[in-house]
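Presented below is the structure to which this report refers.
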Amino acid sequence: MEILIPGLILVALMVYASTKIKKNAARAYERETIETPEFSIVKPEAFICPVDHDEQLAFAAYSKEYGRDQSDSVRQVSAEVRKFDDANFDEICERAKIDSTRIVSEDIGILNGSKCCVIEAERIEKGVTMDAIYKIVATEGGIYELKISILPEYKNDYSSRTDELLSSFILK
């Protein structure tokens with residue numbers, strides 16, 4: 001009896017801690033608006049922003065799940081924003097096309113007073129064919145590139161979330 005009561009208390013504390021950890025982990029995958037002094041973007045549900053992402057990236061997010069078979073080392077979808085200081089808009093657009101194996105579409109225009117280019121392409125990442133969407137926007141402060149990479153077999157599953165990423169990416 002003397003051991004039973006402390007044992008029950010310990011089990012109750014473990015259940016409580018486990019529940020708290022699970023709730024906090026689930027919250028990391030909820031929809032969230034990311035605001036920086038330079039841009040804003042919505043991280044859709046089912047994406048997580050890594051704490052230890054590449055320092056060259058202004059933003060990074062990816063899906064929890066990986067692909068299957070040959071693509072088991074690649075996330076189903078990932079998104080990243082890079083800023084290029086002292087860069088040429090046309091060169092950044094051309095670099096996106098050169099890094100691709102096939103260009104599906106290209107749309108150049110003006111978005112909120114800034115020059116913008118959206119490129120849909122196929123590319124090879126880690127030996128796996130990926131669909132890629134680039135949104136490149138030029139401002140006085142530099143050029144920003146949002147790149148979304150999607151495993152083709154998951155494109156339909158993530159289409160509304162990738163559309164939200166693209167449409168919500170706005171420079172200030």
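Just so you know, these numbers come straight off a predicted model, no measurement behind them.
- Residues R82 and L57 meet the side-chain proximity criterion, which asks for heavy atoms closer than 4.5 Å.
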Go through the steps to decide whether K135 and L111 satisfy the test side-chain contact (heavy atoms from CB on, under 4.5 Å), and finish with yes or no.
CA-CA 11 Å; K135 183 176 184 179; L111 178 68; 3.5 Å; yes

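- Linking ILVMFWY side-chain heavy atoms closer than 4.5 Å, directly or via other members, places I92 and L166 in two distinct hydrophobic clusters.
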Stepwise side-chain contact (heavy atoms from CB on, under 4.5 Å) test for I124 and M130: CA-CA 6 Å; I124 305 292; M130 304 283 288; over 6 Å; no

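- For K83 and D85, the salt-bridge test passes: some basic side-chain N is under 4.0 Å from an acidic carboxylate O.
- Other residues, nucleotides and ligands contribute only 12 or fewer heavy atoms inside 6.0 Å of the CD atom of Q56.
- Between the side chain of T139 and the main chain of G142, a donor-acceptor pair closer than 3.5 Å is present.
- Put simply, I150 and I41 are part of the same group of oily side chains (I, L, V, M, F, W, Y) that touch within less than 4.5 Å, one to the next.
- Hydrophobic clustering of Ile, Leu, Val, Met, Phe, Trp and Tyr side chains at less than 4.5 Å, counting indirect connections, keeps V42 apart from Y144.
- Taking the side chain as every heavy atom from C-beta outward, K147 and I133 never approach each other to under 4.5 Å.
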Please lay out, stage by stage, how K97 and E106 fare under the test salt bridge (charged side-chain N to carboxylate O under 4.0 Å, His left out).
CA-CA 9 Å; K97 291 189 273 187; E106 180 179 9; 3.1 Å; yes

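- The number of heavy atoms from other shown groups lying within 6.0 Å of NZ (K64) does not exceed 12.
- Within the model, atoms OG1 of T129 and CZ of R102 stand 10.5 Å from one another, a figure rounded to the nearest 0.5 Å.
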### Task
List the steps, then state whether salt bridge (charged side-chain N to carboxylate O under 4.0 Å, His left out) holds for E164 with R31.
CA-CA 10 Å; E164 184 175 33; R31 185 179 185 275; 2.6 Å; yes

Quiz item: Hey, mind stepping through Q76 and Y66 against side-chain contact (heavy atoms from CB on, under 4.5 Å) and telling me if it holds?
Solution: CA-CA 5 Å; Q76 291 177 359; Y66 288 87; 5.8 Å; no

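- Atom OH in Y158 sits 13.0 Å away from atom CD1 in I148 (nearest 0.5 Å).
- Looking only at distances, a side-chain donor or acceptor of K43 sits under 3.5 Å from a matching main-chain atom of E30.
- Atom OG in S71 sits 7.0 Å away from atom CG in D69 (nearest 0.5 Å).
- Considering OG of S168 and CD1 of I34, their distance stands at 9.5 Å, rounded to 0.5 Å.
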Starting from the C-alpha separation in whole Å, work towards a yes-or-no answer on side chain to side chain donor-acceptor pair (under 3.5 Å) for Y29 and E45. CA-CA 6 Å; Y29 288 95; E45 184 179 343; over 6 Å; no

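- Taken to the nearest 0.5 Å, the NZ atom of K155 stands 4.0 Å off from the CG atom of D131.
- Two residues are said to be in side-chain contact when any heavy atoms from C-beta on lie closer than 4.5 Å; L151 and V77 fail this criterion.
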Practice task
I would like to know whether F47 and R161 meet side-chain contact (heavy atoms from CB on, under 4.5 Å); could you show each step before the answer?
Solution key: CA-CA 9 Å; F47 282 68; R161 289 175 264 195; 4.0 Å; yes

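- Looking at every heavy atom in both residues, A60 comes nearest to P50 through O-CD, 3.3 Å.
- Side-chain contact between K172 and S40: present, with at least one pair of heavy atoms (C-beta onward) separated by less than 4.5 Å.
- Linking Ile, Leu, Val, Met, Phe, Trp and Tyr whenever their side-chain heavy atoms come within less than 4.5 Å puts Y154 and L165 in one cluster.
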### Query
Can Y134 and R123 be said to form a side chain to side chain donor-acceptor pair (under 3.5 Å), step by step?
CA-CA 12 Å; Y134 297 88; R123 55 182 286 120; 2.5 Å; yes

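- Smallest separation of non-hydrogen atoms from V137 and S114: CG1-CB, 3.7 Å.
- Ion pair R68/E153 not flagged as a salt bridge, since none of the NZ, NE, NH1 or NH2 atoms sits closer than 4.0 Å to an Asp/Glu carboxylate oxygen.
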**Request:** Apply the test side chain to side chain donor-acceptor pair (under 3.5 Å) to residues E125 and S149: give CA-CA distance (whole Å), side-chain angles for both, the deciding distance (0.1 Å), then the verdict.
**Result:** CA-CA 9 Å; E125 291 182 23; S149 299; 2.9 Å; yes

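- Atom CZ of R75 is separated from atom OG of S63 by 6.5 Å, given to the nearest 0.5 angstrom.
- Between E145 and R95, none of the side-chain N atoms (NZ, or NE/NH1/NH2) sits under 4.0 Å from a carboxylate O, so this pair counts as no salt bridge.
- Taking every heavy atom of both residues into account, A87 and I143 meet most closely at O-CD1, 3.3 Å.
- Within the 4.5 Å cutoff, side-chain heavy atoms of K115 are placed close to those of D90.
- The hydrophobic clustering, which links ILVMFWY residues whose side-chain heavy atoms are closer than 4.5 Å, places F169 and F89 apart.
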